[in-house]
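Note: hydrogens, waters and symmetry copies are ignored here, and every other heavy atom, side chains too, is used.
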2 protein chains.
Amino acid sequence: MYSGRDFGDSFGYDAFKRTCMSHTVLEVLASKWVYLVVCALRTATLRHGELARKIEGITPKMLTQTLRELERDGLVTRKIYPVIPPKVEYELTDLGRNLAALLDQIRTWSEQNAPHIREARARAQMGAGEMAEFQS
Amino acid sequence: MYSGRDFGDSFGYDAFKRTCMSHTVLEVLASKWVYLVVCALRTATLRHGELARKIEGITPKMLTQTLRELERDGLVTRKIYPVIPPKVEYELTDLGRNLAALLDQIRTWSEQNAPHIREARARAQMGAGEMAEFQS
DNA sequence: CGGTATCCCGGCCGATACTG
DNA sequence: CAGTATCGGCCGGGATACCG
């Protein structure tokens with residue numbers, strides 16, 4: 001074991017390799033909250049409270065944590081207004097907007113295919129519970 | 001705000017609502033292993049062992065678990081050959097292939113922008129150590 | 001080969017309370 | 001308003017061993 005990851009000179013063009021940069025990017029994106037925050041910011045600059053209200057179920061802690069992560073990776077900017085009460089706005093960077101467009105395609109896909117997946121799950125559930133029920 | 005499609009029911013088309021089907025779909029996709037498995041199967045039908053070898057770091061348990069989930073949701077089919085030694089092939093369904101195309105765009109994006117994100121992280125790390133804050 | 005079964009640890013994440 | 005602090009549960013998921 002070694003502390004920290006050694007990406008070496010690999011720019012990581014194979015996400016299947018753990019040592020690849022693209023793999024670590026994936027690890028960030030593979031989060032429900034990251035996805036929702038990025039999508040929420042796609043069409044508008046929003047404040048902390050606005051995000052919290054829009055994203056149902058997120059806690060202040062997770063929201064802050066997610067935003068910090070996105071900020072660290074250069075996907076979101078954090079703009080502080082020195083006023084009282086405090087005002088902080090979050091906005092996607094160009095990089096973030098670029099990504100958001102792709103994530104939004106996933107959302108569109110999810111919306112359009114939700115019925116199919118629901119049916120698939122129902123069928124799977126049927127098959128699983130069927131042996132305890134009738135067998136005609 | 002919601003593109004004029006705020007149905008607000010459980011069939012819903014607003015992934016920000018926890019009760020929405022599209023939200024649950026997202027919860028499936030928001031997984032590193034799901035992503036990698038789907039992408040691995042994008043170009044080829046593969047066996048369990050082939051997947052395990054291709055996806056670095058995945059354990060048998062997680063691979064099976066992920067495949068079962070994808071099968072349940074109708075994204076992957078599992079074909080068993082009654083031979084000895086056993087042979088099982090996993091293949092994307094049409095639905096799965098459709099999704100895989102989108103996920104592959106994410107991968108392409110990750111590869112292309114990995115350097116930018118690497119730099120952003122380096123800058124963030126610098127700033128954290130220096131604490132010499134100056135806003136623009 | 002293609003899985004299951006089991007143990008178990010770390011850390012993710014939710015809940016809540018508090019501060020500037 | 002925009003966060004931090006803290007605690008704790010639960011479960012994701014790694015390691016390992018074992019079946020058909």
By salt bridge (charged side-chain N to carboxylate O under 4.0 Å, His left out), B:Glu119 pairs with (sequence neighbours left out) none

Query raised in the report: salt bridge (charged side-chain N to carboxylate O under 4.0 Å, His left out) with B:Arg78: which residues, sequence neighbours excluded?
Result: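 Partners of B:Arg78 under the salt bridge (charged side-chain N to carboxylate O under 4.0 Å, His left out) test: none.
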
Between A:Pro86 and A:Trp33, the residue closer to the 5' end of DNA chain C by nearest nucleotide is A:Trp33

Residues passing the side-chain contact (heavy atoms from CB on, under 4.5 Å) test with B:Lys79, sequence neighbours excluded, are B:Tyr81, B:Glu89

Applied to residues 36-55 of chain B, the salt bridge (Lys or Arg N to Asp or Glu O under 4.0 Å) test, sequence neighbours excluded, yields B:Arg42-B:Asp104

Within residues 44-80 of chain B, the residues having a heavy atom closer than 4.0 Å to DNA chain D are B:Thr59, B:Lys61, B:Met62

Kindly list each side-chain donor-acceptor pair under 3.5 angstrom involving residues 93-102 of chain B, sequence neighbours excluded, with atom names and distances?
unit_1	atom_1	unit_2	atom_2	d
B:Thr93	OG1	B:Gly74	O	2.8
B:Thr93	OG1	B:Leu75	O	3.3
B:Thr93	OG1	B:Leu95	N	3.3
B:Thr93	OG1	B:Gly96	N	3.0
B:Asp94	OD1	B:Arg97	NH2	3.1
B:Arg97	NH1	B:Leu92	O	3.1
B:Arg97	NH2	B:Leu92	O	3.4
B:Asn98	OD1	A:Trp109	NE1	3.3

Bend of the helix from C:dC1-D:dG20 to C:dG20-D:dC1 from end-axis comparison, five pairs per end, nearest 10°, comes to 50°

One should read off an interatomic distance between B:Ile80 CD1 and B:Lys87 NZ, to the nearest 0.5 angstrom, of 13.0 Å

- Which part of the nucleic acid, if any, lies within reach of A:Tyr90 when heavy atoms closer than 4.0 Å are counted: base, sugar-phosphate only, or nothing?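 A:Tyr90: backbone/sugar contact only, no base atoms under 4.0 Å.
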
Span of DNA chain D engaged by chain A, first through last nucleotide within the 4.0 Å heavy-atom cut-off, is D:dC1 to D:dC7

- request: Would you mind reading off the distance between B:Glu89 atom CD and C:dC1 atom P, rounded to a whole angstrom?
  value: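 Answer to the nearest Å: 15 Å.
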
* Asked: Is the backbone of A:Val76 close enough, under 3.5 Å, to the side chain of A:Tyr90 for a donor and an acceptor to pair up by distance?
  ->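 Flag not set: sc A:Tyr90 to bb A:Val76 has no pair under 3.5 Å.
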
Could you check whether any side-chain N or O of A:Ser22 sits under 3.5 Å from a backbone N or O of B:Ser110, counting only pairs where one atom can act as donor and the other as acceptor? no

Considering only distance and modelled atom types, tabulate donor-acceptor pairs under 3.5 Å from the side chains of residues 58-71 of chain A, sequence neighbours left out.
unit_1	atom_1	unit_2	atom_2	d
A:Thr59	OG1	A:Met62	N	3.3
A:Thr64	OG1	A:Pro60	O	3.2
A:Thr66	OG1	A:Met62	O	2.7

For this session: With sequence neighbours left out, write down each residue that passes side-chain hydrogen bond (donor to acceptor under 3.5 Å, both in side chains) with A:His48, or none if nothing qualifies.
Result: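 Checked A:His48 against side-chain hydrogen bond (donor to acceptor under 3.5 Å, both in side chains); zero matches.
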
